[in-house]
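Just so you know, these numbers come straight off a predicted model, no measurement behind them. Lettering of chains follows the sequences in order, A, B, ..., and the numbering in each one begins at 1.
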Number of protein chains: 2
Amino acid sequence: MKASKPEPKQSAAQRIEQALVLEIGAGALEPGQRLDEVGLATRFGASRTPVREALSRLTAQGVLVQGERRGVFVARYSREELSQIFEAMHEIEAACARIASQRLNLLARSEIEAAQANCIAAATAGDREGYLLANEAFHLAIYRATGNPYMADMALEFRRRTGPFRAKKFVTKADLIASANSHQNLINDIFSEDSATASNGMRTHMTQSFVDALKAN
Amino acid sequence: MKASKPEPKQSAAQRIEQALVLEIGAGALEPGQRLDEVGLATRFGASRTPVREALSRLTAQGVLVQGERRGVFVARYSREELSQIFEAMHEIEAACARIASQRLNLLARSEIEAAQANCIAAATAGDREGYLLANEAFHLAIYRATGNPYMADMALEFRRRTGPFRAKKFVTKADLIASANSHQNLINDIFSEDSATASNGMRTHMTQSFVDALKAN
DNA sequence: CGCCACTATTTTGTATACAAAACAAAAAGT
DNA sequence: ACTTTTTGTTTTGTATACAAAATAGTGGCG
């Protein structure tokens with residue numbers, strides 16, 4: 001997974017990869033659904049080659065999975081697997097929060113706050129799509145506050161993997177607002193600049209997120 | 001190395017990917033070195049297509065990097081980047097050790113001990129190649145002791161990324177023996193089944209590993 | 001001798017073609 | 001009617017061909 005660079009010219013493969021990540025993240029593609037190479041090729045107005053490349057990379061990232069029977073599928077996880085994935089994500093997010101709390105600077109603070117403002121705006125507007133993006137940006141801001149792009153990439157990768165499952169818990173406007181409120185507590189914990197507080201705050205947030213996701217899946 | 005499944009038939013792309021991972025992990029390919037598609041293709045007796053797929057997946061995993069100027073390169077990291085990568089790895093490994101210490105069972109214990117026995121054997125024999133493999137197996141055994149394959153995959157991914165840099169510190173027989181001894185302390189800490197002891201033990205091991213790697217790079 | 005334009009060669013990305021394998025379906029035999 | 005064999009279709013993996021971009025040369029001209 002790469003840090004989003006301003007690439008003026010994008011290869012078709014990258015374009016397709018990005019589009020698929022977005023669709024999967026938003027839950028537009030159901031877990032377990034098969035991705036047809038030729039179908040995608042015609043849909044994106046390309047040939048199978050770049051499609052194949054995109055799929056290959058996404059499987060390498062764990063977003064897709066290949067060979068359950070045949071073909072490439074949106075990763076579908078059992079309750080147990082989901083639990084394991086969330087455990088791993090839990091650890092990473094907690095570590096990110098801890099490190100971020102130790103390295104907070106004015107810029108990071110303002111980025112996190114700005115992202116949270118967008119979350120609140122989208123939540124009160126009931127804009128589901130917008131909230132999903134704002135939510136991702138919010139967590140990304142925390143990741144970046146670690147000052148460690150590798151931690152950030154790893155965390156983002158898990159966020160993408162679990163995207164389809166977390167997306168299901170965001171349906172009503174109340175869901176969005178609840179999530180945004182949870183963010184606020186998290187911000188307070190991280191801004192306390194105390195390692196344990198930040199870490200535990202994130203663990204609480206993640207546990208809640210996990211419980212909700214399990215209910216919806 | 002992936003969970004070794006009995007794959008009777010392996011696609012050329014997978015074969016190439018595995019071979020490259022091995023070579024890079026052993027340090028046979030220098031960081032920063034360019035990988036020529038056609039060169040690899042002829043070398044593996046295949047066409048560019050499967051080579052391309054392998055390279056694409058390896059870049060997605062961060063083992064390779066593309067577009068510094070042009071082409072695909074073995075990832076080369078600055079001191080600062082290396083430091084960040086090791087910090088991330090540090091966190092993951094510590095989390096693995098902690099979780100493993102809480103879930104230790106007889107099977108996991110024996111696997112770890114068996115792997116360590118191989119490490120000692122390779123070290124006393126001065127078998128560098130063998131030690132690299134045994135060492136990887138040893139850490140893999142710890143990862144697997146977490147009972148969480150996703151944690152294990154993530155840890156393994158970082159291990160691969162840092163492979164070329166860690167490999168440089170294993171030159172003399174004394175290096176191997178020192179590493180094996182360090183393993184022994186780590187085992188004691190993990191087998192204590194105390195979270196903090198296990199976690200700190202791994203942090204110590206990783207810090208040592210990091211210091212050595214920095215010296216060599 | 002140095003600089004710029006222009007050409008040639010390499011290299012990447014994509015499209016298409018083809019072979020082999022997997023799956024589905026129909027036909028034959030018991 | 002049920003199994004097994006055979007045939008046909010879809011799908012995957014790989015090879016090759018081609019176009020566009022990038023780098024490296026080459027030569028002219030100051």
SB check A:R159 A:E136 (cutoff 4.0 Å):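 No salt bridge links A:R159 with A:E136.
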
Base-contact (B) and sugar-phosphate-only (S) positions in nucleotides 11-17 of chain C, heavy-atom cut-off under 4.0 Å, - elsewhere: BBBBBBB

Check against salt bridge (Lys or Arg N to Asp or Glu O under 4.0 Å), A:R203 and A:E91: CA-CA 8 Å; A:R203 284 187 189 271; A:E91 294 294 337; 3.3 Å; yes

Test item: B:S56 side-chain N/O and B:R52 main-chain N/O as donor-acceptor pair under 3.5 Å: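 Looks like no, no N/O pair under 3.5 Å.
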
Pair B:K169, B:S179: side-chain N/O donor-acceptor within cut-off below 3.5 Å: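 Not at all, the side chains of B:K169 and B:S179 share no donor-acceptor pair under 3.5 Å.
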
Residues in side chain to side chain contact (heavy atoms under 4.5 Å, CB included) contact with A:T146, at least two apart in sequence or another chain: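 For A:T146, the residues satisfying side chain to side chain contact (heavy atoms under 4.5 Å, CB included) (neighbours in sequence not counted) are A:C96, A:I99, A:A100, A:N148, A:M151.
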
